[in-house]
Amino acid sequence: MPIAIANRYARALVDVVSQKGDYRQVRQELESFAAVYSESAELREVFDTPALPLTEKLKVLAAITGKMGTTSITTNFLSVLGQNYRMNLLEEICRAFHKLANDRLGVVEVKVVSAAGLSETERQALRARFIDLTGKEVEFDFRLDRELLGGVLAQIGSTVYDGSVRGQLDRIRERLTGQ
Amino acid sequence: MPAFLVACLTGAVVAWGANEAPRSVAALVDSGQWGLSSNDPAVGARKASLGNTVKLATASVAPENAEGEEGAKHELLYKVINFVILVGALAYLLRKPLAGFFVQRSESIRKSLEEGRKALESSQAQLRNIEEKLRGLEEEISRFKAAAAREMEAERERLRQAAAAEAERILQFARAEIDNATRAAKLELKVYAAGQAVELAEAMIRQRLDEAGQRRLVGRFVGELTRKSS
């Protein structure tokens with residue numbers, strides 16, 4: 001149920017941004033505010049408690065967004081969430097907005113996990129290969145995982161491209177056991 | 001009828017020793033105490049005839065004591081005549097009743113004999129029937145014994161086959177269990193060996209994989225993506 005509600009809010013925000021905004025900027029502003037919100041217990045308490053009047057909540061929100069320099073679209077959207085007591089769904093809304101925005105922009109998100117940090121040359125090479133592979137603009141999410149031992153593991157949606165040493169060892173183990 | 005016979009015999013015997021007796025017999029006949037009804041005309045005629053006969057007999061023996069030796073002969077003659085008359089009278093009187101009695105008796109005996117013969121035939125028929133049944137029973141018993149023997153043999157064969165099938169089933173189950181256990185043990189051993197081999201390989205890779213090796217692995221991954229995209 002919360003995911004459905006988050007999708008509904010995210011879809012509304014995407015519609016607004018598609019008319020007069022920048023998806024990436026709004027997304028970045030939302031993620032920044034979500035990080036602040038998740039880190040600050042006082043801020044969560046302010047938006048969660050019904051004891052505080054709505055005007056006071058909006059004053060707090062305006063102060064924070066003012067300091068963060070968010071656009072009016074983001075500020076208004078956060079105000080709506082505060083009025084409707086949906087601020088606790090902010091992380092889900094961010095994820096849903098990211099996905100919807102990428103769909104609207106024709107961008108494919110690629111999660112890349114490597115055992116060691118990748119150089120810029122390697123990243124560019126990966127970008128070029130995935131653009132060729134998908135025929136769309138790609139957006140990388142690079143992460144490190146030492147348990148891969150070596151190589152790279154990339155994932156687009158539910159498709160996994162496993163070039164890691166861990167994956168090769170797992171495949172060798174499966175062949176040896178006949179499973 | 002028996003009273004009449006007794007009276008006749010008594011009268012005749014008494015007449016041999018007393019002169020008054022014939023009169024007594026005649027009076028008895030006249031008085032109707034012979035057991036015959038005076039209303040019956042035939043009986044009345046018979047009674048009159050018998051009375052006359054008695055009177056003649058008594059008159060003929062009256063001078064018995066006066067005659068002596070000659071008288072003894074006459075007495076014997078009279079006795080014989082008297083006896084003959086008595087027998088004739090009795091035969092005359094008893095002929096029809098006795099004939100009817102004997103006919104009836106003979107019929108009764110014949111019926112009894114017939115019934116006895118029928119009973120004998122019936123008994124013999126029953127005996128033959130029983131003997132037949134006994135012979136049939138013996139045959140039935142023989143057939144039953146033969147059938148029981150056949151069924152016992154069939155049941156023995158069925159039990160033997162069932163036992164053999166059960167033994168075969170148990171054997172197959174045991175073989176399957178052994179095969180499963182063997183396969184499980186082999187698989188466990190294979191998994192263990194594979195795990196050991198992979199752990200050993202992982203340890204060696206951790207020791208030997210350097211920066212250049214990492215670069216080569218990434219380059220190989222990019223090359224594979226290139227092949228997939230082309």
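To find a chain, count down the sequence lines: A is the first, B the second, and so on, and within it residues start at 1.
The neighbour count for A:Tyr85 OH, taken as heavy atoms of other residues, nucleotides or ligands under 6.0 Å away, is above 12. The number of heavy atoms from other shown groups lying within 6.0 Å of CZ (B:Arg117) is above 12. Within 6.0 Å of CD in A:Gln83 there are more than 12 heavy atoms belonging to other residues, nucleotides or ligands. Remark: A:Leu54 CG is packed, more than 12 non-hydrogen atoms of other residues, nucleotides or ligands lying under 6.0 Å away. Counting non-hydrogen atoms of other residues, nucleotides and ligands closer than 6.0 Å to CD of A:Gln28 gives a total of 12 or fewer. Around the CD atom of B:Gln104, the shell of radius 6.0 Å holds no more than 12 heavy atoms that belong to other residues, nucleotides or ligands. More than 12 heavy atoms of other residues, nucleotides or ligands sit less than 6.0 Å from atom CD of A:Glu109. The environment of CZ in B:Arg220 is sparse: at most 12 heavy-atom neighbours from other residues, nucleotides or ligands sit within 6.0 Å.
For B:Glu211, no part lies near chain A; criterion is any non-hydrogen pair under 4.5 Å. Proximity to chain B (any heavy atom under 4.5 Å) is shown, for A:Val152, by both the backbone and the side chain. Of the atoms belonging to A:Ala154, heavy atoms from both backbone and side chain fall under 4.5 Å from chain B. Of the two parts of A:Asp162, only the backbone, made up of N, CA, C and O, holds a non-hydrogen atom closer than 4.5 Å to a non-hydrogen atom of chain B.
Across all non-hydrogen atoms, the minimal contact from A:Leu176 to B:Ala194 is CB-CB, 3.5 Å. The two atoms that bring B:Thr226 and A:Arg129 nearest to each other are OG1-CD, 2.5 Å, heavy atoms only. Shown here for B:Ala201 and A:Leu169, the closest heavy-atom pair between the two residues is CB-CD2, 4.0 Å. Between A:Val165 and B:Ile205, the closest heavy-atom pair is CG1-CD1, 3.5 Å.
Atom CZ of A:Arg146 is separated from atom CZ of B:Arg206 by 10.5 Å, given to the nearest 0.5 angstrom. We find the CD-OG distance between B:Gln214 and A:Ser119 to be 11.5 Å, quoted to the nearest 0.5 Å. Here CG of A:Leu118 is found 7.0 Å from CZ of B:Arg215. Values are rounded to the nearest 0.5 Å.
Highest contact tally toward chain B, considering only A:Leu149, A:Leu126, A:Thr134, is held by A:Leu149 [criterion: heavy-atom pairs under 4.5 Å].
In this structure, the side chains of B:Val222 and A:Glu122 stay at 4.5 Å or more apart for every pair of heavy atoms.
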